Visitor: 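Got a structure for you, questions after.
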Amino acid sequence: MAWSREDMCKRASLELKNGFYCNLGIGMPTMVANYIPENVNVTLHSENGMLGIGPFPLLSEVDPDIINAGKQTITELPESSYFDSSESFAMIRGGHIDLSILGALQVSEKGDLANWMIPGKMVKGMGGAMDLVAGVKKVIILMEHNAKDGTSKLVKECNLPLTGMSVVNMIITDLGVFEIENEKIKLIEKAKDVSLEEIVSRTEANISS
Amino acid sequence: MAWSREDMCKRASLELKNGFYCNLGIGMPTMVANYIPENVNVTLHSENGMLGIGPFPLLSEVDPDIINAGKQTITELPESSYFDSSESFAMIRGGHIDLSILGALQVSEKGDLANWMIPGKMVKGMGGAMDLVAGVKKVIILMEHNAKDGTSKLVKECNLPLTGMSVVNMIITDLGVFEIENEKIKLIEKAKDVSLEEIVSRTEANISS
Amino acid sequence: MNTSSKIYNTTKEALSGVLFDGMIILSGGFGVVGIPENLTLAIRDSKIKNLTVVSNNCGVDSFGLGLLLETRQIKKMISSYVGENKLFAEQYLNGEIELEFSPQGTLAERCRAGGAGIPAFYTKTGVGTIVAENKEIKNIEGVDYLMEKAIIGDLSIIKAWKSDTSGNLIFRKTARNFNPPFAKAGKICVVEVEEIVETGSLDSDHIHLPGIYVDRIIKCSSYEKKIENLTTSVGK
Amino acid sequence: MNTSSKIYNTTKEALSGVLFDGMIILSGGFGVVGIPENLTLAIRDSKIKNLTVVSNNCGVDSFGLGLLLETRQIKKMISSYVGENKLFAEQYLNGEIELEFSPQGTLAERCRAGGAGIPAFYTKTGVGTIVAENKEIKNIEGVDYLMEKAIIGDLSIIKAWKSDTSGNLIFRKTARNFNPPFAKAGKICVVEVEEIVETGSLDSDHIHLPGIYVDRIIKCSSYEKKIENLTTSVGK
């Protein structure tokens, strides 16, 4: 039985260590914040210029001047600070963020990542994703193992336009946890009751374990 | 009769226009601030991270955390703001400062400036001078026309190490006011009772008028 | 009140003499937070056209820069994300508008560089992607970097919270975003604010953008401050 | 008080485990304003040697970095101005110390770049001077620029006015100067402050240096705050 989205977020939350500064991408990665253990003190970064993201506001607390990178209304915390976009990306590019968790369309054996564009469809833009994968110390991809049509998202070579080359360190899917080492994908943890055979059969990339 | 140092500062002060942001170098240039006409609103920049330099403090007001680039204790004004050194030089390098007045050892016909180093003597360093002459919109040199040994400081070619190449726009000396145009030094104003002959005889560089 | 003559009475006056067809305008904000909503309206009403607009996003339909799409005043956008705007998609697919994608951090840094007299810099962001096409790659100590060039605008329009009469600015919360780097990269910078206070009433240690970067100030009383994604939690 | 464990009780503890011979140390301050006076004393007492020190100045005789000249712990200085220090002159002329001059703005930007992941940038500063020797020149749109490389230190020692327990910092007046860019360019950043306040008591809109850049904090009670040039005016 593969992991649920909640299982995946819980597993990802274990990668957030005490004292870390983290950037969580839009979608499922944002939800990882809900599973951070109480004794782990993590500061969340938002690339539009904030450290210390708090929970969503009560309706009575909504402040249109406080949003995250997904343009959602949020709140601040006692340790929060605000800064401009050039400063925000200086933090990212300069390697001061410990961890980024992002979604993906494809990840290759070399750790290449494609997550911003499907040619032929309307292009929305890369936003801050190229900066994050180039600058953050550790990049974790949180995604379904297979696309809706069943094709593997762990591929030998990406055929979609890249977000970054050799940038992914770890992948967490509904089938397990993988690390990229020396341009190889290594399985380090299987989801409960998922067999190695199932993972291999549902993966285009070569998997070592 | 050549201009006194006070005359030179007064003449230089006429170059400070209403609304200007100016940086005044250490020594005589700093004194120009004392002659700014009352109806002219000028904001003085200090490269160690301050806009809006006020006068020297009363002894009872001295604050060791407020100094100018010459490490003199100063005061702040209502419009003052503080910022870090990288921001301060972003202002300078980015062309946001309207005018800088600096001292010099030599200025050449091309507007090359030497004002930071005499080889063989101990070298103190260029401080912010290279940044100022490269970045500020207009650079005025305020200096004695001749060195103590009588040699001309307006030269055909500088033989001292340069602070910047083709960076000087105007020179104010005790003998007059000069502009650099198309790599030529042009006399635009003589000090009272100083003849063109005297200026030419005391100048190594070619002077046009 | 005004000795510095930076303060204007209407957005139209605040933009008078600085607008022309084909100009490059840097427009502050992230999403629709901290955008110069009122100056954008004045640019729409000025009817200048063939604009190159640099902005992280292109507003939303019928708000912010979305308004200048309706009037077809924009020839080219330089942005990192334009996904919130159906009209943009339509004009782009019809070939009516050009688009240059710049990664968000690269975009912010290109403008910061433009304001700081740095014509170009190197970054790892975008190496090996389509962003690197036609750009110089340099290997520095074993790592490949991309050369990115500075952006300087003919005009910056930005939004701050408060200004003093000297143009010293304070921003509020995440409404700061691209406003300071864009202000620095414009040959002329016009700022709209919610409040103008006397010079001397802001703390000199806490000015976000010194007045040296601000040419014209207009206080606006009307702020829609649209919310794109209202997300709330329930009380405990 | 401390959940973040960034707070240390002595300067010696605050530097424990991060010092080694031959390391690169970035030391904040301009002249003797905003210098980490107490951390400098602790580095002297640690007796580490062969240091490369990046600092705009080298203190004055018997104060600030001048103390590390007395003990001959510095092998090389990267500075823009070392004119206030007779001992420096003496050691330099004797060939006991190396010196790399970097123009003040270039020095600040090289550290800002180091902290911002920018390995190199172009500037007009120093073109045609000895600063340009052995550096790449690039012509961009008709103008010659110099390529300057980023500086990254093994350690930054800086001085702030106040810190909260998360490491968010506030500086005071012109004591800010090189401290923020140097903090960002150090692999480890240790800050000494005059006061530590509870997290939440500083205004989130007015943090000069967010805690992400600060690894260790030490509150010092003794500040000499020397004045180099006491200049005063008489009352009216």
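All values derive from a computational prediction rather than experimental measurement. Note on naming: letters A, B, ... go to the chains in the order of the sequence lines (proteins, then strands), and numbering restarts at 1 for each one.
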Visitor: Surrounding CG of B:Asp149 (heavy atoms of other residues, nucleotides or ligands, distance under 6.0 Å), is the total greater than 12?
Guide: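 Counting neighbours around CG of B:Asp149, more than 12 heavy atoms of other residues, nucleotides or ligands fall under 6.0 Å, so yes.
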Visitor: Non-hydrogen atoms of chain B under 4.5 Å away: do they reach the side chain of D:Ile227, the backbone, both or neither?
Guide: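 Side chain only.
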Visitor: Mark yes when over 12 heavy atoms from residues, nucleotides or ligands other than D:Asn94 sit less than 6.0 Å from its CG; otherwise mark no.
Guide: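 Yes - once you tally the heavy atoms of other residues, nucleotides and ligands closer than 6.0 Å, there are more than 12.
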Visitor: Around atom NZ of D:Lys138, are there more than 12 heavy atoms from other residues, nucleotides or ligands closer than 6.0 Å?
Guide: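 Enclosed: over 12 neighbouring heavy atoms sit under 6.0 Å from NZ of D:Lys138.
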Visitor: What part of B:Glu87 is in contact with chain D, defined as an atom under 4.5 angstrom from a non-hydrogen atom: side chain, backbone, both or neither?
Guide: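 Looking at B:Glu87, nothing touches chain D.
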Visitor: Looking only at heavy atoms and a cut-off of under 4.5 Å, which of D:Ala89, D:Gly126, D:Pro103 has the most pairs with chain B?
Guide: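 Heavy-atom pairs under 4.5 Å are most numerous for D:Pro103.
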Visitor: Would you say NZ of D:Lys135 has more than 12 non-hydrogen atoms from neighbouring residues, nucleotides or ligands within 6.0 angstrom?
Guide: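 Result for NZ/D:Lys135: enclosed.
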Visitor: Measuring from B:Phe89:CZ to D:Thr125:OG1, what's the distance to the nearest 0.5 Å?
Guide: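 Going from CZ on B:Phe89 over to OG1 on D:Thr125, the span is 8.5 Å.
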Visitor: If you count heavy-atom pairs under 4.5 Å with chain B, which of D:Ala108, D:Ser102, D:Cys111 comes out on top?
Guide: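 The residue among D:Ala108, D:Ser102, D:Cys111 with the greatest pair count is D:Ala108.
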Visitor: With no hydrogens and no angle check, is any side-chain donor or acceptor of D:Ser233 less than 3.5 Å from a backbone partner on B:Phe56?
Guide: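 Flag set: sc D:Ser233 to bb B:Phe56 pair under 3.5 Å.
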Visitor: Could you have a look at B:Gln72, B:Glu76, B:Met165, B:Lys124 and say which one has the most heavy-atom pairs with chain D under 4.5 angstrom?
Guide: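 Of the options given, most contacts go to B:Lys124.
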Visitor: Which answer fits B:Asp63, side chain, backbone, both or neither, if we ask what part of it has an atom under 4.5 Å from a heavy atom of chain D?
Guide: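 Side chain only.
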Visitor: Whether the side chain of B:Asp131 engages the backbone of D:Gln104 through a donor-acceptor N/O pair (distance < 3.5 Å, no angle test) should be reported.
Guide: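 Pair found, side chain donor or acceptor close to backbone of D:Gln104.
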Visitor: Could you tell me the separation between the CD atom of D:Glu109 and the OG atom of B:Ser85, rounded to the nearest 0.5 Å?
Guide: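 One gets 11.5 Å once the value is rounded to the nearest 0.5 Å.
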Visitor: With a 4.5 angstrom heavy-atom cut-off, could you sort out which part of B:Ile92 is near chain D: side chain, backbone, both or neither?
Guide: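 For B:Ile92, neither part sits under 4.5 Å from chain D.
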Visitor: Chain B heavy atoms under 4.5 Å from D:Ser79: which part of the residue, side chain, backbone, both or neither?
Guide: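 Neither part.
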Visitor: Counting only non-hydrogen atoms closer than 4.5 Å, can you tell me which residues of residues 26-35 of chain D sit against chain B?
Guide: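 Residues in range: D:Phe30, D:Gly31, D:Val33.
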Visitor: Give the member of B:Ala90, B:Ser46, B:Ala69 that has the highest number of heavy-atom pairs under 4.5 Å with chain D.
Guide: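 Top option by heavy-atom pairs under 4.5 Å: B:Ala69.
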Visitor: Step by step, would you call B:Met126 with D:Val131 a side-chain contact (heavy atoms from CB on, under 4.5 Å)?
Guide: CA-CA 10 Å; B:Met126 70 290 281; D:Val131 165; 3.6 Å; yes
Visitor: Does any heavy atom of chain B fall under 4.5 Å from the side chain of D:Tyr92, the backbone, both, or neither of them?
Guide: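 Contact with chain B: side chain only.
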Visitor: Measuring heavy-atom distances to chain B, does D:Asn56 have an atom under 4.5 Å in its side chain, in its backbone, in both, or in neither?
Guide: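 Neither part; nothing is under 4.5 Å.
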Visitor: Among B:Gly127, B:Ser86, B:Ala134, single out the residue with the greatest number of heavy-atom pairs under 4.5 Å to chain D.
Guide: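 Most heavy-atom pairs under 4.5 Å with chain D: B:Gly127.
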Visitor: Does B:Gly49 offer a backbone N or O that forms a donor-acceptor pair with the side chain of D:Thr174 under 3.5 Å?
Guide: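 Side chain of D:Thr174 to backbone of B:Gly49: no pair is present.
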Visitor: Which atoms form the tightest heavy-atom contact between B:Lys71 and D:Asn57, and what is the distance?
Guide: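 Closest approach of B:Lys71 to D:Asn57: NZ-ND2, 3.4 Å.
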Visitor: Any donor-acceptor pair under 3.5 Å linking the side chain of D:Thr231 with the backbone of B:Thr73?
Guide: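 Yes; at least one donor-acceptor contact below 3.5 Å.
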Visitor: Supply the atom-to-atom distance D:Arg172 CZ to B:Ile66 CD1, rounded to the nearest 0.5 angstrom.
Guide: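 Separation between the atoms: 6.0 Å.
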Visitor: Within a 6.0 Å radius of atom NZ on D:Lys226, are there more than 12 heavy atoms belonging to other residues, nucleotides or ligands?
Guide: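 Yes.
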Visitor: Select, from B:Asn68, B:Ile67, B:Val167, B:Leu59, the one with the greatest count of heavy-atom pairs under 4.5 Å involving chain D.
Guide: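 When all of B:Asn68, B:Ile67, B:Val167, B:Leu59 are compared, B:Ile67 has the most.
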Visitor: Taking D:Gly105's backbone N and O only, do any of them form a donor-acceptor pair with B:Arg93's side chain (distance below 3.5 Å, no angle check)?
Guide: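 It does hold such a pair.
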Visitor: Could D:Arg112 and B:Asp84 be called an ion pair, given the rule that one side-chain N must be under 4.0 Å from one carboxylate O?
Guide: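 Salt bridge: no.
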Visitor: Side chain, backbone, both or neither: which part of B:Ser80 has an atom under 4.5 Å from a heavy atom of chain D?
Guide: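 For B:Ser80, there is no contact with chain D at all, as no heavy atom is under 4.5 Å.
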Visitor: Going from OH on D:Tyr223 to CG on B:Asp65, what distance comes out if it is rounded to the nearest 0.5 angstrom?
Guide: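 Between atom OH of D:Tyr223 and atom CG of B:Asp65 there are 10.5 Å.
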Visitor: I need the residue from D:Asn85, D:Leu99, D:Leu93, D:Thr106 with the largest number of non-hydrogen atom pairs under 4.5 Å to chain B.
Guide: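 The residue among D:Asn85, D:Leu99, D:Leu93, D:Thr106 with the greatest pair count is D:Thr106.
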Visitor: Among residues 149-164 of chain D, which ones touch chain B with a heavy-atom distance under 4.5 Å?
Guide: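 Checking residues 149-164 of chain D against chain B gives no residue, so none.
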Visitor: Is there a side-chain contact between D:Ile130 and B:Met117 in this structure, where contact means two heavy atoms from C-beta onward sitting under 4.5 Å apart?
Guide: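 Yes - at least one pair of side-chain heavy atoms lies under 4.5 Å apart.
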Visitor: Contact part of B:Pro55 toward chain D, heavy-atom cut-off under 4.5 Å: side chain, backbone, both or neither?
Guide: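 Contact with chain D: none, neither part.
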